[in-house]
Amino acid sequence: MEDAIPRVNYEVMQRMQGRRVLLVCEVKSLVDGCYVVRTCDDAEVVVRPQAGGSWGETTYVEVVGTVVDARTLQEESHINIKSQQAVDFKLLNEMIKLSTGKYAGLFSG
């Protein structure tokens, strides 16, 4: 069975260099072909899309990718989050803290 891909915020991403992760984020801008996004713990990260990839017009996106360094994620795939309402970043951040901290065992595959 394939290992679960951990959901991360910026803080957790720091410990995941070279690993596959899942990041839910808010798209802020597109600079030199890379997306600048805001994480649920209010940090900015750069996501390098797949070659020729485009996210289109979206505010929130879920990205699966490999952590290149402290502020860079190389996209493998993504899903645009189509919602009329904002993603609850406060709730998402708390879930990530629990799933990677004290209660990590409940969330592991």
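The residues of the chain are indexed from 1 along the displayed sequence. Keep in mind the model is a prediction, meaning the values are calculated, not measured.
For R48, there are no salt bridge (charged side-chain N to carboxylate O under 4.0 Å, His left out) partners two or more places apart in sequence or in a different chain. Looking at residues two or more places apart in sequence or on another chain, you find no salt bridge (charged side-chain N to carboxylate O under 4.0 Å, His left out) involving K90. Partners of T58 by side-chain hydrogen bond (donor to acceptor under 3.5 Å, both in side chains), not counting sequence neighbours: none found. In terms of the salt bridge (charged side-chain N to carboxylate O under 4.0 Å, His left out) criterion, residue partners of R38 (sequence neighbours excluded) are, by chain and number, E26, D42. Under the salt bridge (charged side-chain N to carboxylate O under 4.0 Å, His left out) criterion, E94 pairs with K97, not counting sequence neighbours. Residues passing the side-chain hydrogen bond (donor to acceptor under 3.5 Å, both in side chains) test with Q17, sequence neighbours excluded: none.
Within the 4.5 Å cutoff, no side-chain heavy atoms of C40 are placed close to those of M95. Inter-residue side-chain proximity for H78 and V47 is flagged as unmet; no heavy-atom pair is nearer than 4.5 Å. Considering only heavy atoms from C-beta on, R7 comes within 4.5 Å of I96 through its side chain.
Note that CG of L22 and CD1 of I5 are 6.5 Å apart. Values are rounded to the nearest 0.5 Å. Rounding to the nearest 0.5 angstrom, the gap separating the CE atom in M13 from the CG atom in D69 is 7.0 Å.
Hydrophobic clustering of Ile, Leu, Val, Met, Phe, Trp and Tyr side chains at less than 4.5 Å, counting indirect connections, keeps V21 apart from I79. Taken together through direct or relayed side-chain contacts under 4.5 Å among Ile, Leu, Val, Met, Phe, Trp and Tyr, I81 and L30 form part of one hydrophobic cluster.
The two atoms that bring W55 and Y35 nearest to each other are N-OH, 2.9 Å, heavy atoms only. Counting all heavy atoms, side chain and backbone alike, M16 lies closest to V67 at O-CB, 3.4 Å. Minimum interatomic distance between L92 and V24 (heavy atoms only, all atoms of both residues): CD2-CB, 3.6 Å. Here the closest non-hydrogen pair linking V46 and C34 is CG1-CB, 3.6 Å. Across all non-hydrogen atoms, the minimal contact from R19 to P6 is NH2-CG, 4.1 Å.
Although no hydrogens or angles enter the test, the distance criterion places a donor-acceptor pair under 3.5 Å between the side chain of D41 and the main chain of Y10. With hydrogens and angles ignored, the 3.5 Å screen pairs a side-chain donor or acceptor of R71 with a backbone N or O of E44. N80 places no side-chain N or O within 3.5 Å of a backbone atom of G56 that could act as its donor or acceptor partner.
Residue-environment remark: CD (E62) exceeds the threshold of 12 foreign heavy atoms within 6.0 Å.
Screening T39, V37, L23 for a side chain to side chain contact (heavy atoms under 4.5 Å, CB included) involving L73 leaves a single residue, L23.
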